[in-house]
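Excluded from the calculations below are hydrogen atoms, water molecules and symmetry mates; all remaining heavy atoms, backbone and side chain alike, are included.
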Amino acid sequence: MSIVTAVLAGGDGQRIGGAKPDRPLAGSRLLTHSLKAAHGWAAPVVLVLRNPTQVSNVLAPVILDDPDIPGPLGGLASALAWADLNGTDRVLTIPCDMPFLPPDLLARLDQALKDDVAVAVAASGGRLHPICALWRTTTLPVLVQRAGNGRLSLNGLSEAAGRVIVDWPIDPRDPFLNINTPDDLAHAEAMTL
């Protein structure tokens with residue numbers, strides 16, 4: 001076992017009215033789309049939540065965000081610690097709100113993660129997507145140190161740890177479409193018709 005896929009779903013989803021992982025898209029909840037993609041890439045798959053009651057009926061082990069680190073960095077910290085404890089040296093992170101992720105996400109990030117690189121980060125259309133990244137577990141001490149200094153940016157962490165950027169085309173659609181609002185969800189639903 002060398003890679004674990006961690007689906008980060010600990011946010012409260014305020015802009016979409018809460019309960020983002022359970023929002024329906026094309027007949028399935030957003031979380032189901034993410035878990036299906038994750039299971040296609042690498043086992044084991046873990047779901048990372050801020051609160052164990054955020055979602056139910058999940059066929060994946062649940063781990064909780066580090067309570068001392070806010071935001072997605074808390075989820076990444078827990079995923080990296082879990083992976084290290086379980087003999088895994090890399091963690092692929094994806095969010096619960098990007099239902100169209102590219103099927104070659106893990107393969108391309110893994111290919112780019114050379115020995116002298118700590119993180120391979122996805123990008124598209126000139127934008128980085130550090131929540132979609134392959135992280136070496138050796139980045140955990142850097143994360144903890146930065147979080148202790150109030151630096152909570154995934155982008156900043158990936159840069160400080162040493163990253164490579166892997167770019168995807170956005171034609172015919174951006175595979176990293178992020179759903180944050182009801183309008184985003186309606187747009188994504190229209191794309192599935």
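Atom CG of residue Asp167 and atom CZ of residue Arg127 lie 11.5 Å apart, to the nearest 0.5 angstrom. Note that the NZ atom of Lys20 and the SG atom of Cys96 stand 6.0 Å from one another [nearest 0.5 Å]. Residue Leu31 holds its CG atom at 8.0 Å from CG of Leu49, rounded to the nearest 0.5 Å. Note that OG of Ser158 is 11.0 Å distant from CG of Leu143, once rounded to the nearest 0.5 Å. The CG atom of Leu30 sits 11.0 Å away from atom CG of Leu35, with the distance rounded to the nearest 0.5 Å. To the nearest 0.5 Å, atoms CG (Leu134) and CD1 (Ile3) are separated by 5.5 Å.
Taking 4.5 Å as the limit, every side-chain heavy atom of Val4 sits out of range of all side-chain heavy atoms of Leu92. Side-chain contact check for Val119 versus Glu159: every heavy-atom pair is 4.5 Å or farther apart. Residues Leu105 and Leu109 meet the side-chain proximity criterion, which asks for heavy atoms closer than 4.5 Å. Residues Gln111 and Val166 have side chains not in contact (no heavy-atom distance under 4.5 Å, counting atoms from C-beta outward). Between Pro70 and Leu152 there is a side-chain heavy-atom pair separated by less than 4.5 Å. The shortest side-chain heavy-atom distance between Gln54 and Pro21 does not fall under the 4.5 Å cut-off. Contact annotation: the side chain of Ile16 never approaches that of Asn180 to less than 4.5 Å [non-hydrogen atoms, C-beta and beyond].
Checked by atom type and distance alone, the side chain of Arg108 never pairs as donor or acceptor with a backbone atom of Ala122 at under 3.5 Å. Under the 3.5 Å distance criterion, the side-chain polar atoms of Ser153 are matched with a main-chain donor or acceptor of Asn155. In terms of modelled atom types and a separation under 3.5 Å, the side chain of Thr88 and the main chain of Ser2 share no donor-acceptor contact. With Asp110 contributing its side chain and Leu106 its backbone, the two residues share no donor-acceptor pair below 3.5 Å.
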**OP:** Begin with the C-alpha distance, continue with both residues' side-chain angles, and end with the deciding distance and a verdict on side chain to side chain donor-acceptor pair (under 3.5 Å) for Thr53 and Asn51.
**Re:** CA-CA 5 Å; Thr53 63; Asn51 178 326; 2.7 Å; yes
**OP:** Go through the steps to decide whether Leu76 and Leu157 satisfy the test side-chain contact (heavy atoms from CB on, under 4.5 Å), and finish with yes or no.
**Re:** CA-CA 11 Å; Leu76 175 59; Leu157 173 62; 3.7 Å; yes
Original post:
Yes or no on salt bridge (Lys or Arg N to Asp or Glu O under 4.0 Å) for Asp184 and Arg15, after CA distance, side-chain angles and deciding distance?
Top reply: CA-CA 10 Å; Asp184 295 339; Arg15 290 184 285 172; over 6 Å; no
**OP:** Would you please test Val46 and Val62 for side-chain contact (heavy atoms from CB on, under 4.5 Å) and show each step?
**Re:** CA-CA 6 Å; Val46 296; Val62 173; over 6 Å; no
**OP:** Report the C-alpha distance between Leu128 and Ile165 in whole Å, list the side-chain angles of each, state the deciding distance to 0.1 Å, and finish with yes or no for side-chain contact (heavy atoms from CB on, under 4.5 Å).
**Re:** CA-CA 8 Å; Leu128 292 180; Ile165 297 169; 3.5 Å; yes
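Heavy atoms only, all atoms of each residue included: Thr5 and Ala42 are closest at OG1-O, 3.3 Å. Annotation for Phe176 and Ala123: closest pair CE1-O, 4.2 Å, computed over non-hydrogen atoms. For the pair Val91 and Ala6, the tightest heavy-atom approach, listed with the atom from each and the gap, is CG1-CB, 3.9 Å. Nearest heavy-atom pair across Asp65 and Ser78 is C-OG, 3.2 Å. The heavy-atom pair separating Leu8 from Pro72 by the smallest distance is CD1-O, 4.3 Å. Scanning all heavy atoms of the two residues, the minimum distance from Val164 to Ala112 falls at CG1-O, 3.5 Å.
Here Trp41 pairs with nothing under the side chain to side chain donor-acceptor pair (under 3.5 Å) rule; sequence neighbours left out.
In the hydrophobic cluster analysis, where Ile, Leu, Val, Met, Phe, Trp and Tyr join through side-chain heavy atoms closer than 4.5 angstrom, Phe100 is grouped apart from Met98. By the rule that hydrophobic residues join a cluster once side-chain heavy atoms approach within less than 4.5 Å of another member, Leu64 and Ile131 end up as members of one cluster. In the hydrophobic cluster analysis, where Ile, Leu, Val, Met, Phe, Trp and Tyr join through side-chain heavy atoms closer than 4.5 angstrom, Ile69 is grouped together with Val142. Placement of Leu25 and Leu101 in two distinct hydrophobic clusters is found when ILVMFWY residues are connected by side-chain heavy-atom separations under 4.5 Å, directly or transitively. Val117 and Leu140 fall within the same hydrophobic cluster, where Ile, Leu, Val, Met, Phe, Trp and Tyr residues are linked whenever their side-chain heavy atoms come under 4.5 Å apart, directly or through other members.
Ser124 and His129 share a side-chain donor-acceptor pair at under 3.5 Å. Side-chain polar atoms of Asn57 and Arg29 form no donor-acceptor pair below 3.5 angstrom. Residues Asp174 and Trp168 have side chains that never bring a donor and an acceptor to within less than 3.5 angstrom of each other.
Salt-bridge check for Asp97 with Arg23: failed, with every basic side-chain N at 4.0 Å or more from each acidic carboxylate O.
Within the structure, side-chain hydrogen bond (donor to acceptor under 3.5 Å, both in side chains) contacts touching residues 131-147 (residues at least two apart or in different chains) are Thr93-Trp135.
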